[in-house]
There are 2 protein chains.
Amino acid sequence: MGITRSDLFSKQQNGLANMAKAIAHPARIAILQHLKKANSCICGDLVDELGLAQATISQHLKELKTAGLIQGTVEGTSVCYCIHPGNWKKFREQFAGFFTDVNLDSNTSCCS
Amino acid sequence: MGITRSDLFSKQQNGLANMAKAIAHPARIAILQHLKKANSCICGDLVDELGLAQATISQHLKELKTAGLIQGTVEGTSVCYCIHPGNWKKFREQFAGFFTDVNLDSNTSCCS
DNA sequence: TTCCTTTATTGCAATATTACGATAAAGATA
DNA sequence: TATCTTTATCGTAATATTGCAATAAAGGAA
């Protein structure tokens, strides 16, 4: 249907899925990589950097901000974006926690 | 448009975005958590475990298999799924690599 | 063989996402 | 004030995703 049955899953599961969704687009990956690399916060030059329209970039920035991954500061007529260090760390921890080692022992596992 | 302009981004960026997309749904998170916890590979009981229809589960399993996160073995009339340890590790490494620490120094950064 | 069980696939319908032009909003500048 | 620059939002079109009923496919069991 296009709608996700979030009611069937735990808060943690929905949360992690939403975190993944926040970075599930190459433009958002590129924006984050650029912000991280630049250290100094980039504003509108993201539009020049990536080849997407200004409206599209703005939309992606909004999603990243909603997810908590970035924050924006108005600087006169332009806006300065940067990574939100605290939430960035939370994302790392969540994914690291999820992808911990699998210890499949051959006795109980059907996969060799 | 609903279509993603993958042509504008690097292979690495598209790859990471696709990895994120693979786990960007609570049902797929739940399936992976269940497979990981069970160690022994669960087959059709995922349908009972989660509250989704069999067709829906099968579809999510297919996406996880396409992403390389799981593998399936036919066992008579049923199919036994389990986590693909090698790719699981690759996912972990990719996410860990992406979410490395930000060192924003206050000189070049506009965000306090 | 005929059922039964299990899983995959097909065919929708509904919602979500992506992209962009047009335009609004807000501040700087002449 | 009028204009320019920058960013956000609106409206719209196209594609993607999600979910499920129905059905097919493939083995096992009777």
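Protein chains get the first letters and strands the later ones, always in sequence-line order, with residue 1 at the start of each. Quick caveat, the model's predicted, so the values are computed rather than measured.
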For this session: Please figure out whether A/Gly51 or A/Gly76 has its closest DNA chain C nucleotide nearer the 5' end.
Result: A/Gly51
Seminar exercise, completed: When every non-hydrogen atom of B/Leu52 is compared with those of B/Ala27, the smallest separation belongs to CD1-CB, 3.7 Å
Problem set entry | Interatomic distance, A/Leu52 CG vs C/dG21 C1' [rounded to whole Å] | 14 Å
Exercise. To the nearest 0.5 Å, how far apart are CD in A/Gln59 and NE2 in A/His25?
Worked result: 9.5 Å
Exercise. Atom CD1 in B/Ile70, atom CG in B/Leu35: separation rounded to 0.5 Å?
Worked result: 6.0 Å
Exercise. Atom CD1 of A/Ile57 and atom P of D/dT7: how far apart are they, to the nearest Å?
Worked result: 11 Å
For this session: To the nearest Å, give me how far apart CG (A/Leu50) and C1' (D/dT7) are.
Result: 15 Å
For this session: Can you measure from NE2 (B/His84) to NZ (B/Lys65) and round to the nearest 0.5 angstrom?
Result: 12.0 Å
Problem set entry | Earlier contact from the 5' end, DNA chain C, for B/Gly44 and A/Ala53 | B/Gly44
For this session: Starting at atom NZ of A/Lys65, determine the distance to atom C1' of D/dA8, rounded to an integer number of angstrom.
Result: 9 Å
Problem set entry | N/O (side chain, A/His60) to phosphate O (OP1/OP2, C/dA19) under 4.0 Å | yes
Problem set entry | Atom-to-atom span, CG of B/Leu46 to C1' of C/dT7 - whole angstrom | 12 Å
Exercise. Are B/Tyr81 and C/dT6 close enough that a side-chain N or O sits under 4.0 Å from OP1 or OP2?
Worked result: no
Exercise. Roughly how many Å is it from CZ in A/Arg5 to P in C/dA13, rounded to a whole number?
Worked result: 20 Å
Problem set entry | Most 5' of B/His25 and A/Lys62 on DNA chain D, judged by nearest nucleotide | A/Lys62
Exercise. With a 4.0 Å cut-off on heavy atoms, is B/Ala55 in touch with a base, just the backbone sugar-phosphate, or nothing at all?
Worked result: base
Seminar exercise, completed: Assign each of A/Gln54 and B/Thr56 the nucleotide of DNA chain D bearing its closest heavy atom; nearer the 5' end lies the nucleotide of A/Gln54
Exercise. Can a donor-acceptor pair under 3.5 Å be found between the side-chain atoms of B/Ser78 and the base atoms of C/dT6?
Worked result: no
Exercise. Under 4.0 Å between a side-chain N/O of B/Ser58 and OP1 or OP2 of C/dA8, yes or no?
Worked result: yes
Exercise. If you count the non-hydrogen atoms of other residues, nucleotides and ligands that lie under 6.0 Å from NZ in B/Lys36, is the total more than 12?
Worked result: yes
Exercise. What nucleotide among C/dA8, C/dA16, C/dC20 has an atom nearest to a side-chain atom of A/Ile3?
Worked result: C/dA16
Problem set entry | Atom-pair distance (CG on B/Leu8; C1' on C/dC20), nearest Å | 13 Å
Seminar exercise, completed: B/Thr4 has its side chain closest, among C/dT15, C/dA19, C/dA8, to C/dA19
For this session: Whole angstrom is fine here: how far is it from CD in A/Gln59 over to P in C/dG21?
Result: 13 Å
